[in-house]
**Student:** 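After the structure tokens below, expect a handful of questions from me.
Counting starts at 1 for both ligands and their atoms, following the listed order.
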Amino acid sequence: RTTEPTRISSLPGLVGQQATVSGWVTHTRSSGKVAFVTMRDGTGILQCVVVKPQVSAETWEAFQQLTLECSFSVSGEVKADARAPGGVELGVTELRLIGPSALDYPIQPKEHGVDFLLDNRHFWLRTPRQVAIMRIRNEIEQAIHDFFYERGFLRTDTPILTAAIGERSGLFATEYFDEGNAYLAQTGQLYGEALAAAFGKIYTFGPTFRAEKSKTRRHLTEFWMIEPEVAFNDTHANMDLQEDFVSFLVQRVLERQMPALKELERDVSKLEKVKAPFPRIDYTDAVATLQKKGSAVQWGEDLGAEDEALLVEDYETPIFICNYPKEAKAFYMKENPADPRTVLCDDMLAPEGYGEIIGGSQREDDYDKLLHRIKEEHLPLEAYSWYLDLRKYGTFVHSGFGLGLERTIAWICGTPHIRECIPFPRLMTRLHP
Ligand code: ATP
Ligand code: MG
Ligand code: MG
Ligand code: MG
């Protein structure tokens with residue numbers, strides 16, 4: 001067995017000891033006899049100090065061959081230094097060049113346009129800001145699993161190749177043997193409902209695909225969605241779960257990812273205010289408020305990004321907009337007994353103008369009403385027969401929601417566009433790298 005290589009993040013625990021670390025060059029400078037090399041390895045930044053009279057000719061020669069983003073390893077003594085990033089620096093005794101990097105490395109220490117950066121996403125990911133976003137993404141993903149595991153949910157998976165079912169956005173199709181077209185899943189929800197009847201409370205965490213023809217700052221064509229589904233939860237219990245869940249995620253990032261938030265210059269005082277409960281506003285009241293604020297929105301329409309931003313500007317926590325008109329929402333949402341023109345649903349809007357991060361609803365559990373809605377929407381009945389069966393054999397009150405991972409990351413990180421919140425974003429005009 002070999003031992004795991006030492007990473008920069010573990011060096012503060014090794015002060016006074018010898019260590020060998022490997023990584024990539026982000027910066028070099030030399031004043032003749034003393035040279036400084038900054039190394040990054042994805043876990044941190046390390047300043048390495050090379051003093052010419054104290055190292056071999058080979059090591060000094062290797063230092064001189066270093067270029068931006070070449071890989072190298074260094075050995076030496078770990079020394080405490082309050083001014084250095086991470087609080088330590090390395091007094092180098094030996095330095096080896098591993099993989100040279102050509103002088104035309106695309107990402108230079110200067111401003112680049114976003115299209116150039118996206119073309120070079122495989123390199124852009126190496127920069128401190130992107131590393132911070134991906135650390136926060138990882139923290140949120142882990143916190144999602146922890147939240148549901150602690151509450152006894154079963155984590156389960158739903159198919160990615162499906163018959164034409166799901167939401168109203170565009171579909172990606174692919175040929176499927178003699179079965180005609182298969183479509184990439186836009187949501188796992190309908191399968192989640194079947195799984196909730198089998199296991200009580202479940203969640204899925206999977207990629208979802210929508211052929212979004214719009215170029216907004218919040219739509220990807222491939223994104224990750226977390227979709228819990230809970231048997232015997234009504235729309236109110238569903239919102240309780242959502243606000244507990246989102247508060248938990250924000251809290252976790254504040255507790256464990258402060259350095260990453262700092263790197264992003266995130267105003268954490270805004271995140272500290274995110275505590276349940278979140279205000280629950282009826283759609284009809286929201287439309288009245290919007291009209292007073294000068295919006296042209298009419299009762300019956302879904303709310304767009306601008307309207308959502310107008311609504312959240314009066315709040316410091318996320319808010320729920322509840323009970324949308326049925327024509328603005330998907331066919332599977334339960335008719336509101338108090339006003340059958342509307343359905344028992346909610347959108348959670350993030351503060352600071354980030355807009356919808358969750359869509360949730362109580363599901364229609366009445367066979368006849370669901371059948372009627374499927375016909376009204378001209379959906380292919382064959383594809384939904386198994387879904388209708390759930391209402392025929394032991395129908396049950398149930399609710400669930402979908403949280404968009406990248407939108408949640410964008411809000412928590414304070415990034416204006418979600419393209420930075422997934423390693424390799426897929427957009428209408430972008431399939432590379
Ligand atoms: P929007 O109104 O912004 O188009 P939606 O109402 O179509 O979103 P839902 O079907 O409710 O979206 O999906 C649940 C969640 O998935 C959304 O609240 C959002 O967080 C996320 N989401 C939806 N579409 C996208 C997308 N194209 N890219 C990234 N995230 C998305
Ligand atoms: Mg949409
Ligand atoms: Mg929406
Ligand atoms: Mg929605």
**Student:** Between Arg252 and Glu150, is the closest basic N to carboxylate O distance under 4.0 Å?
**Tutor:** no
**Student:** Looking only at the aromatic ring of each residue, does the gap between the centers of Tyr191 and Trp386 stay below 6.0 angstrom?
**Tutor:** yes
**Student:** Are Phe148 and Phe245, when compared by the centres of their aromatic rings, separated by less than 6.0 Å?
**Tutor:** yes
**Student:** Distance under 4.0 Å to a non-hydrogen atom of Ile418: what atoms of ligand 1 satisfy this?
**Tutor:** 29 (C)
**Student:** Between ligand 1 and Asp302, can you find any atom pair, the residue atom being a heavy atom, that is separated by under 4.0 Å?
**Tutor:** no
**Student:** Answer yes or no: does an N/O atom from Phe223 fall short of 3.5 Å to an N/O atom of ligand 1?
**Tutor:** no
**Student:** Is it the case that ligand 1 has an N or O less than 3.5 angstrom from some N or O of Arg210?
**Tutor:** yes
**Student:** Of all N/O/S atoms in Glu356, which lies nearest to the Mg ion (ligand 3)?
**Tutor:** OE1
**Student:** Check the side chains of His372 and Glu376 for a donor-acceptor pair under 3.5 angstrom, ignoring hydrogens and angles.
**Tutor:** yes
**Student:** Report, in ascending order of atom number, the atoms of ligand 1 lying under 4.0 Å from any heavy atom of Gly359.
**Tutor:** 11 (O), 18 (O)
**Student:** Tell me, do Asp119 and Arg430 make a side-chain contact under 4.5 Å, heavy atoms counted?
**Tutor:** yes
**Student:** If the threshold is 4.0 Å, N to carboxylate O, is there a salt bridge linking Arg218 and Glu308?
**Tutor:** yes
**Student:** Evaluate whether atom CD of Glu306 has more than 12 neighbouring non-hydrogen atoms of other residues, nucleotides or ligands under 6.0 angstrom away.
**Tutor:** no
**Student:** When you check the gap from the basic side-chain N to the acidic O, do Arg426 and Glu222 get nearer than 4.0 Å?
**Tutor:** no
**Student:** So is there a nitrogen or oxygen of Ile357 less than 3.5 Å from a nitrogen or oxygen in ligand 1?
**Tutor:** yes
**Student:** Check each of His219, Met225, Arg426, Met348 against atom 1 (P) of ligand 1 and report the one with the nearest heavy atom.
**Tutor:** His219
**Student:** Taking atom 3 (O) of ligand 1 as the point of reference, which of Gln186, Arg407, Glu212 owns the nearest heavy atom?
**Tutor:** Arg407
**Student:** Using a 4.0 Å cutoff against the non-hydrogen atoms of Arg218, which atoms of ligand 1 qualify?
**Tutor:** 3 (O), 28 (N), 29 (C)
**Student:** Looking at Gly402, which atoms of ligand 1 are within less than 4.0 Å of one of its heavy atoms?
**Tutor:** 14 (C), 15 (C)
**Student:** My understanding is that we take every heavy atom of each candidate and find the minimum distance to atom 8 (O) of ligand 1. Doing that for Gln189, Glu222, Glu308, Glu356, which one comes out nearest?
**Tutor:** Glu356
**Student:** Below 4.0 Å from any atom of ligand 1, is there a heavy atom belonging to Glu406?
**Tutor:** no
**Student:** When you look at NE2 of His236, are more than 12 heavy atoms from neighbouring residues, nucleotides or ligands closer to it than 6.0 Å?
**Tutor:** no
